[in-house]
There are 2 protein chains.
Amino acid sequence: MPRRTTVTEVAERAGVSIASVSRVLNGLGARPDTEERVRRAALELGYVPDAAAKALKLGRSLQLAFAVDDIANPVYAQMMHGVESGLLGSGSRLLVSSTGRRPDDLVELVQGLSRGAADGLIISPLRRSPQLIDALVKAPVPVVVIGDAGPDAALDTVRTDSARGVEAAVAHLVATGRRRIAFVNGPADTVPGRSRLEGFTRATAPGSDAERAGIRADVVEARDFTVAAGEVAWSRVVAATDEGTPVDAVVAANDLIALGLARAALTAGRSVPGDLAVVGVDDIEMAAIFRPSLTTVSLEAHERGRLAAELLLRRLENPQAPVVGEFVAPRLVVRESSGAPTEAAIEAAPTPTAENAHQRTRQRTRPVTPRGQR
Amino acid sequence: MPRRTTVTEVAERAGVSIASVSRVLNGLGARPDTEERVRRAALELGYVPDAAAKALKLGRSLQLAFAVDDIANPVYAQMMHGVESGLLGSGSRLLVSSTGRRPDDLVELVQGLSRGAADGLIISPLRRSPQLIDALVKAPVPVVVIGDAGPDAALDTVRTDSARGVEAAVAHLVATGRRRIAFVNGPADTVPGRSRLEGFTRATAPGSDAERAGIRADVVEARDFTVAAGEVAWSRVVAATDEGTPVDAVVAANDLIALGLARAALTAGRSVPGDLAVVGVDDIEMAAIFRPSLTTVSLEAHERGRLAAELLLRRLENPQAPVVGEFVAPRLVVRESSGAPTEAAIEAAPTPTAENAHQRTRQRTRPVTPRGQR
DNA sequence: TTGTACGCGTTATCAT
DNA sequence: ATGATAACGCGTACAA
């Protein structure tokens with residue numbers, strides 16, 4: 001672990017002043033032989049400029065930050081790829097901060113990152129506190145929020161309407177003949193938890209199509225937005241089944257929960273979508289790979305990430321630009337797990353299996369809404 | 001986007017010197033009323049110390065970095081969680097750098113990060129070049145490599161033996177009666193690609209158990225280590241099937257490829273594990289969730305991450321400590337996709353389905369190696 | 001073209 | 001206990 005080399009040492013070795021070293025290394029002009037000697041000296045000494053000193057001097061770190069609760073959640077990884085796409089050619093490096101595992105203050109992270117460590121921040125907070133919003137608004141660098149930043153925060157924002165997405169999911173299940181729908185939420189004290197629950201509540205409220213169709217609605221809250229929590233939540237759904245009409249459809253707050261729950265249900269001998277339709281939210285890659293493939297509500301994470309990056313670059317260029325709120329519409333992606341006939345389902349099962357036998361049986365009794373997707 | 005506040009402004013507002021401000025804010029003693037006024041002034045002005053200036057002065061940034069090719073790959077996310085575990089209570093923030101998407105030099109990243117942006121680095125490089133190793137060795141901060149750093153690099157390292165892991169996978173398939181095994185590798189110019197191919201080659205070489213058992217072996221190279229590449233690779237495996245003995249088993253270089261390939265095979269009407277056994281590497285969460293659940297070789301990514309963090313902290317504490325190479329053994333996790341009877345398989349299918357009907361048919365013709373897992 | 005000198009914001013040393 | 005000031009390493013304005 002060699003010591004750090006400084007411009008001074010390079011200058012001494014090259015027999016020039018530190019100013020010449022700096023000039024050469026930053027591509028400003030110098031006499032050919034000076035240039036040559038400086039470059040050689042720098043190379044020999046393995047000189048690399050100190051990022052902290054450089055950032056202090058320039059006032060910019062050439063780094064941007066992307067902060068999410070857990071980058072291990074595929075939807076955030078997808079979002080990050082979107083951010084990376086949007087940042088191509090920006091000349092800045094992207095640093096990712098996965099904040100959820102450490103209990104330390106998110107506010108502290110934002111402050112630390114935004115004061116010298118990064119020139120801009122894209123954040124998609126799982127939980128929103130007034131303190132956090134305050135810290136974001138007061139940050140001395142541009143901040144873009146992916147998600148709802150609250151009513152009157154002057155922050156560039158990329159939003160979607162996950163409530164409407166959940167409504168579409170419920171409508172889809174009602175239209176395909178399901179009778180009792182359980183919503184398996186993540187923690188309700190989170191931004192997505194709150195809005196997705198709101199969507200479900202609205203979709204099944206008195207006066208709604210679902211209510212008029214006589215649909216029964218239940219709500220279960222999973223421990224968090226993970227596969228493991230989804231698996232555990234299955235038993236809670238089963239518990240609801242014990243009272244009267246069996247639950248024949250589940251809308252999960254995200255795909256991880258949906259996949260865990262579907263797995264548990266299948267393991268318990270239920271057929272999906274025969275006995276149970278399952279719909280998720282996010283459209284992570286595994287939703288299409290799982291069998292049965294998962295019907296889900298895409299919230300266009302990649303696109304939201306890309307847009308956020310765009311907004312960030314725009315504001316970095318012009319800090320005075322008016323505050324902007326981008327909007328991305330949710331999109332229902334119908335696959336096998338909801339039992340509606342899809343092209344994918346047909347492809348997937350050229351020979352009959354126990355699973356889609358169930359599926360066909362059920363479908364005969366229900367209105368069919370063909371939607372080619374996948 | 002408010003301007004940055006400095007100690008000077010806080011000092012003025014509090015009517016004290018900047019030294020007092022620094023002392024109060026860093027928890028050193030001061031007269032109660034001084035303390036009070038400084039704190040109030042700092043709060044009112046929303047003062048946050050500048051990270052760059054602080055890092056420059058202290059010589060440390062209180063940040064550590066974790067660099068991988070693509071944090072969207074679940075195995076790296078898992079590894080990151082391990083790193084986070086090992087870093088708990090270190091007082092440093094972890095920054096993740098997902099390097100693969102940008103073509104810029106990895107060497108540059110290492111240099112930039114290790115000169116002022118981070119106090120230490122954990123890196124799991126997908127590709128290894130002499131230049132990269134050189135940069136790692138010359139980095140002015142501690143570096144821990146997860147993976148093979150090459151024969152004589154003086155770097156703390158956490159390794160596993162994925163070649164041996166692949167050998168175990170092949171042995172498992174041979175023992176359960178498979179006749180023709182295809183290895184679907186990722187790019188062979190990568191560290192894992194090379195070593196996993198080596199394992200397969202060794203396992204099927206003349207003189208090996210597999211060769212003596214008359215197993216045929218094929219090698220296919222997928223575009224990269226992704227689900228999409230695995231799906232595409234399926235057709236390459238099929239092509240191999242056309243010549244004589246059909247391929248009845250696949251070992252994939254990682255779980256993403258394995259899942260993509262299994263998906264494609266199932267979609268094409270093959271049964272897994274009936275017609276085709278599939279084994280992956282990494283043991284990502286989805287391996288257990290997928291149906292059939294995926295037999296895989298765990299490389300203990302979480303544990304490797306945790307160990308790497310431990311090594312890093314150790315070296316930060318004592319830069320003179322002797323170079324250490326930790327080692328984590330691979331572990332075969334037998335699940336449904338390889339057709340060996342497992343408890344999971346029994347749980348999963350209380351009622352016969354087309355899938356495990358195939359399975360049972362095949363198993364009757366093969367030796368049975370019961371291993372309860374999952 | 002090149003060198004000297006200053007300042008970025010912070011912490012720490014040394015007087016007072 | 002507190003204030004003046006040096007120093008971290010860099011880039012650059014200005015002088016030569």
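Scope of the values below: all heavy atoms of this structure, side chains included, with no hydrogens, waters or symmetry mates. Lettering of chains follows the sequences in order, A, B, ..., and the numbering in each one begins at 1.
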**Report entry** E44(B): side chain to side chain donor-acceptor pair (under 3.5 Å) partners, not counting sequence neighbours
**Finding:** R13(B), R40(B)
Query - Interatomic spacing from OG1 in T190(B) to CG in D224(B) - rounded to 0.5 Å - result: 10.0 Å
Report task. Would you indicate, yes or no, if dG9(D) has its OP1 or OP2 atom less than 4.0 angstrom from a side-chain nitrogen or oxygen of Y47(A)? Result -> no
**Report entry** Distance in angstrom units between L28(A) CG and dG11(D) C1', rounded
**Finding:** 9 Å
Requested in this report: Return the value, rounded to whole Å, for the distance between atom CG of L58(B) and atom P of dG9(D).
Outcome: 12 Å
Query raised in the report: Is any NZ, NE, NH1 or NH2 atom of the basic residue among D50(B) and K54(B) found under 4.0 Å from an Asp or Glu carboxylate oxygen of the other?
Result: no
**Report entry** DNA chain D contacts among residues 1-23 of chain B, heavy-atom distance under 4.0 Å
**Finding:** V16(B), S17(B), I18(B), A19(B), S20(B), R23(B)
Query raised in the report: Between D156(B) and R314(B), is a side chain to side chain contact (heavy atoms under 4.5 Å, CB included) present by the stated rule, with each step listed?
Result: CA-CA 10 Å; D156(B) 293 319; R314(B) 166 180 156 282; 4.0 Å; yes
Query raised in the report: Which whole-number value in Å describes the distance from R115(A) CZ to dC8(C) P?
Result: 13 Å
Query raised in the report: Quick one: R37(B) CZ to dT2(D) C1', roughly how many Å, whole number?
Result: 11 Å
Query raised in the report: Between the two end axes of the helix from dT1(C)-dA16(D) to dT16(C)-dA1(D), each built from 5 base pairs, what angle do you get to the nearest 10°?
Result: 50°
**Report entry** d(CG, L25(A); P, dC10(D)) in whole Å
**Finding:** 10 Å
Query raised in the report: Roughly, in whole Å, what's the span from CG in D50(A) to P in dC8(C)?
Result: 18 Å
Report summary line: Residue set satisfying side chain to side chain donor-acceptor pair (under 3.5 Å) with R4(A), at least two apart, ordered chain then number -> none
Query raised in the report: With sequence neighbours left out, what residues match A118(B) under side-chain contact (heavy atoms from CB on, under 4.5 Å)?
Result: A65(B)
Report task. Measure the distance from NZ on K54(B) to P on dA12(C) and round it to the nearest whole Å. Result -> 9 Å
Query - Under-4.0 Å salt bridge between E303(A) and R306(A) - result: yes
Query raised in the report: Looking only at N and O atoms, is any donor in the side chain of K57(B) or the base of dT11(C) less than 3.5 Å from an acceptor on the other one?
Result: yes
Query - Minimum-distance nucleotide (side-chain atoms of R31(B) versus dA1(D), dG11(D), dT1(C)) - result: dA1(D)
Requested in this report: Indicate, with a heavy-atom threshold strictly under 4.0 Å, whether L56(B) touches base, sugar-phosphate, or nothing.
Outcome: base
Query raised in the report: Which heavy-atom pair separates R315(B) from P322(B) by the least distance, and what is that distance?
Result: NH2-O, 3.2 Å
Report summary line: side-chain contact (heavy atoms from CB on, under 4.5 Å) filter on R159(A), not counting sequence neighbours, yields D148(A), T157(A), F327(A)
